[in-house]
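In this text the structure is predicted, and so the values were computed from the model without any measurement. When reading the values below, keep in mind they use all heavy atoms of this one structure, side chains included, and skip hydrogens, waters and symmetry mates.
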Amino acid sequence: MLTPYLIGLVGLVLVPALVTLGMSVTDYDLLRPPTWAGLNNFAALLDDPIFRVALLNSVVFALVAVPLRLLLALGLALLLHRRAAGVGTARTAALLPTAVPEIAYGLLWLWLFNPLYGPINQLLRAGGENGLTVLGRTPPQWLTDPTSARAGIILMSLFTMGETFVVLLAARRALPRDVYEMAAIEDATGWDVFRRITLPLLAPVLALLAVRDAVASLHFTFVPAFVVTDGGPPPYATTYLSLFVYQTGFEYLRYGYAAAATLVMMLLTVAAVLVQWRLIRRYRRFYQV
Amino acid sequence: MTDGLVLDGVSAAYRDTTVLHEVDLTVARGELLVVLGPSGAGKSTVLRVVAGLEPVTAGRVRIADRDVTDERPGRRNVSMVFQSYALFPHLTVVENIAFGLEVRDTPRRLAREQARAAAETVGCAGLLDRRPGQLSGGERQRVALARALVREPDVFLLDEPLSNLDLALRAEMRAELRALHERIGATMVHVTHDQTEALVLADRIAVLRDGQVEQVGTPDEIWRTPASSFVARFVGSPAMNLLPADGPLRPRGDAPTLKDEELLEIGFRPEAVALDSTEGTPATVERVEVIGEDAFAYLRLAAGQQVVARVPAARRPDRGATVRLDVRWADTHLFHAATGRRYQP
């Protein structure tokens, strides 16, 4: 029964992982046969300023974007879990950006971010004079200013939290109604209800989604950085680990080096999962049945 | 006596279907009123309307002489025990009990102290640090009760709190609930579909049918002078026998004077049937259920009607046997056949 799955797992995950592991200790450029390099690749990674920037970018992105995405999804889920006029439309709107193919989504934002005719900056300039905002500031140069570009990629990632939103929506709707009625009888305020009931009851789901998002954040930076900013603006402002690996391997043909970076990425994922797994286990004892 | 709770012509609807029709109910302060009725009669809706969880479409709700019809649930000073108990799964027992106090800004230490006291009152003081997931049904029930007790509400609302317990525990909790009510003397409205529970617990019972109050009275009144054939048949198990008054069965003794021509039905409880007379109406025994010392004989009259009789198990008739059944007028109730209301001679 499990055979097809096992074949897939071995062929598509385990073998490539082992090949990656093998390649990471070699120098290989597709043309000449690989030569043994030992841990040289890893040592080189430590000294590689571009790799360090990419690592830092990835970590910062995860630390900022993951909580923001979760917060946004949670807020929308709590706002839209009741039946009311327009809620269906709003739910669809919240989900829609996630359904857009990634490349199309990237190209769309390329247009949105355009400093001159992009809608975002046109909006920001509304009411201001001489191409400045109302407050007299220059609108962000999304594609040329390093900080703005990083913020832009995070902004892009916020709108693709549809899956997280759907999961939280389902989780919130599955919470027992009588518990909320109980709270209403006790005259608990909205904040008390959120803090004392909703948040703790959703905590296991939130923790799970945080793990998932943290792991995925290493991947979903790739297309935006590739399509919208191409890793720039200088100095490597939006070069994330995934893009770094891609460029090292497929553009500079340094497969051994790229494999070593991939392994570091994998270790980072494992570390993130472990940390959050421990957090979840602390919550688990609350829900013994 | 001042009124603890008054429903004045209250109607309520659920998704365009009216589930309460102009219900009038008065609960005296310190009284335990049991709302009794079959499923779908609107019993729970009565509680939810009192608690403010369901809006009224007409009428007023007054609690402790205060009109609360337009107040939100938290402002009505009621506490409720849900059928499901509605305990917070992530909070310990003491946190659950103290919840209502803490969200009302009682200092934590004081809230915990009062919670402990409430837990002692209902006998769950040993569970304070556990979570609901670690409790049995009966223990959860006690915790829910303690949570309702910890404040001093004007009315306690209990929504079938015993229905999830097994039989022995239910009987035990029933007695405890009654004792608790006598001890704290609070106004309570207790909803149930269990007639035994109603008869044991209540100061007064309100029988509800299809969103309308069928009868309000003490357990004795409900049992001895049911206001309608519905009440008569709903309270008592097996249900009261109901036959056309001009039918096959002629009770013994002095017949009441029947003044009008209207069709009447005659009702009598299984206990009122005697099977050992020499005269009386012949019937065939279709089936006999023995429950310990008692036996219920299901009889079929020649005219086709079924009658249930309770007899001592030792003297039960055999299946298929022919018996003569006898009822005294004094043990019968008369109802209008058309409306089901009690006939007043």
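- Contacts between B:Leu101 and chain A at a heavy-atom distance below 4.5 Å are absent for every atom of the residue.
- Contacts between residues 37-61 of chain B and chain A, defined by a heavy-atom separation under 4.5 Å, are made by B:Arg48, B:Ala51, B:Leu53.
- Using non-hydrogen atoms only and a strict 4.5 Å limit, the part of residues 146-156 of chain B facing chain A consists of B:Arg147, B:Arg151.
- Crowding of B:Glu139 atom CD: a count of heavy atoms from other residues, nucleotides or ligands under 6.0 Å exceeding 12.
- Of all residues in residues 69-79 of chain B, those placing a non-hydrogen atom less than 4.5 angstrom from a non-hydrogen atom of chain A are B:Arg72, B:Pro73, B:Gly74, B:Arg75, B:Val78, B:Ser79.
- Proximity to chain B (any heavy atom under 4.5 Å) is shown, for A:Arg196, by both the backbone and the side chain.
- Among all heavy-atom pairs drawn from B:Gly100 and A:Glu186, the shortest one is CA-OE1, 3.4 Å.
- With rounding to the nearest 0.5 angstrom, the CZ atom of B:Phe88 is 9.0 Å from the CG atom of A:Leu201.
- The contact list for residues 102-116 of chain B toward chain A, using heavy atoms and a distance under 4.5 Å, reads B:Glu102, B:Val103, B:Arg104 by residue number.
- By the 4.5 Å heavy-atom criterion applied to side chains, B:Phe99 and A:Ile197 are counted as neighbours.
- Environment of CZ in A:Phe159: sparse, with no more than 12 heavy atoms of neighbouring residues, nucleotides or ligands closer than 6.0 Å.
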